[in-house]
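Since the structure is predicted, the reported quantities are computational estimates derived from the model, not experimental observations.
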Amino acid sequence: MTVRHTIGPDLGWAVFLAVLGAALGLVAQWGVIRHGWQGTLELQIAAVEKEEAARRLAAIRTYSLEQVLQLHQEGRAIFIDAREPEEYRELHIERAVNLPASQISPRLVAAKLAGVAREHPIIVYCGSVDCHASLRVAEFLQQQGYTQVAVYVGGFRAWDEAGYPVDIVR
Amino acid sequence: MWAASAPGMKPGIPLTSSAKNRLILIARLVLGGVFLYASVSKIFKPYHFAAAVQAYQLLPPTLVALTTVVIPWMEAVAAGALIIGWQPRSALLVLSALMVVFLAAIAITMARGLDIDCGCGLLVERPVGWLALLEDGTLLLLLLGLYTALLPASHAKTDVAAV
């Protein structure tokens, strides 16, 4: 009985706090609601993500398809495929190592890049120019102390369309 | 510093010299701080949070927008109330309810096998999984523990007896 007496007013004030928060949110960020209503929320999210990716890419070295091909032919860089394992198994840049962005961890990096010097050139790529997985993996590798990390922004699609060497996992 | 006699503050909660009350004050400040930080990061980047909500694939776009706007502000108001000691038990109930919603969303997403970022709004990005579930479950237990600790002494005893 006494507990009920305590919880009753607590619930009342909890509803007040929740309604106050909701009202403040609606007033302060009505623009987000409008995008949801008008069906433009996804476009807005994509635009913000693209802007964010461009800002983050500005802080990391990037390579074009031609530059990457040259580095591949010279065998001077390690290629990292940041896509999911299923996509990697299907087809990937010849000699690339799979480090999925969704599973990235210090342990995985240590296992996949065992014996690779921190200053060894590393090129990370994902599916296409629109994906951000390569950026996430490249940033993570930088945090792990790798100093020569770059992103190949064209992604696997451009490489494959150009007919450059690929591998499959048998 | 907030004192026991601050307006709107429930009697007997903060600040006495007893160790228990000091612990309660610390717990309020820490838990309130964690939730305030999490909410502010979502409020200042609403479209990032919208992307995280959308990734769960549980809601249509209109409700994604509503969730994006409403949840962080509820979190912020409740965390602020908890920190300043205004209706702290009610603030804990709001935060607990939000944690139940987060836990349900994470559990459903795990059951569906989606591999997405949890969008929890704390220091590091982490995927939906057992760690996120454990983290949110622990937070829920701490919230409920603090709620029980904040009950007036006679009510707390009744509560324990009822359990």
Side-chain angles (χ1 to χ4, degrees), chain A residues 1-53 83-86 100-106 132-133 136 139-140 143, chain B residues 8 10 39 42-43 45-55 59-82 86-98 115-117 125 127 147 150-152 154-159 161-162:
Chain A
M1 194 67 177
T2 46
V3 173
R4 196 175 301 155
H5 281 307
T6 305
I7 284 186
D10 286 351
L11 278 176
W13 280 108
V15 170
F16 171 78
L17 288 172
V19 171
L20 177 65
L24 285 173
L26 288 171
V27 170
Q29 294 182 317
W30 183 248
V32 179
I33 296 289
R34 206 174 53 237
H35 279 298
W37 206 337
Q38 294 171 343
T40 54
L41 186 64
E42 285 185 26
L43 289 175
Q44 190 64 23
I45 290 171
V48 170
E49 283 181 339
K50 198 170 177 181
E51 197 176 294
E52 169 84 2
R83 298 175 301 161
E84 294 304 302
E86 310 84 65
S102 61
Q103 298 170 17
I104 196 84
S105 69
H132 307 308
R136 280 179 61 189
E139 287 175 338
F140 191 85
Q143 287 164 13
Chain B
K10 295 247 170 175
S39 67
K42 292 170 198 155
I43 286 168
K45 290 186 171 180
Y47 293 106
H48 286 83
F49 183 50
V53 174
Q54 194 179 38
L59 301 169
T62 312
L63 289 182
V64 167
L66 194 64
T67 306
T68 300
V69 163
V70 163
I71 283 189
W73 283 87
M74 280 184 182
E75 206 175 3
V77 166
L82 185 61
W86 189 75
Q87 303 296 344
R89 292 199 304 262
S90 302
L92 287 164
L93 287 180
V94 173
L95 294 173
S96 301
L98 289 174
D115 188 11
I116 58 169
D117 180 65
E125 286 183 3
Y147 179 85
L150 283 171
L151 285 171
S154 60
H155 291 180
K157 275 178 196 158
T158 312
D159 213 22

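Applying the salt bridge (Lys or Arg N to Asp or Glu O under 4.0 Å) rule to pairs touching residues 63-79 of chain B yields B:K42-B:E75, sequence neighbours excluded.
With rounding to the nearest 0.5 angstrom, the CG atom of A:L24 is 11.0 Å from the CE atom of B:M74. Note that CG of B:L93 is 7.0 Å distant from CD1 of A:I7, once rounded to the nearest 0.5 Å.
The greatest number of non-hydrogen atom pairs below 4.5 Å with chain A, out of B:A76, B:A65, B:P60, B:P72, is found for B:A65. Of the listed residues (B:V70, B:V69, B:I43), the one with the most heavy-atom contacts under 4.5 Å to chain A is B:V69.
Between A:L17 and B:W86, some side-chain heavy-atom pair lies under the 4.5 Å cut-off. The shortest side-chain heavy-atom distance between B:L66 and A:L26 falls under the 4.5 Å cut-off.
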Please assess A:Q29 against B:W73 for the test side chain to side chain contact (heavy atoms under 4.5 Å, CB included), listing each intermediate value before the final yes or no. CA-CA 10 Å; A:Q29 294 182 317; B:W73 283 87; 3.1 Å; yes

For residues 34-49 of chain A, which side-chain donor-acceptor pairs fall under 3.5 Å, sequence neighbours excluded?
unit_1: A:H35; atom_1: ND1; unit_2: A:T40; atom_2: OG1; d: 2.7
unit_1: A:T40; atom_1: OG1; unit_2: A:H35; atom_2: O; d: 3.4
unit_1: A:E42; atom_1: OE2; unit_2: B:Q54; atom_2: NE2; d: 3.3

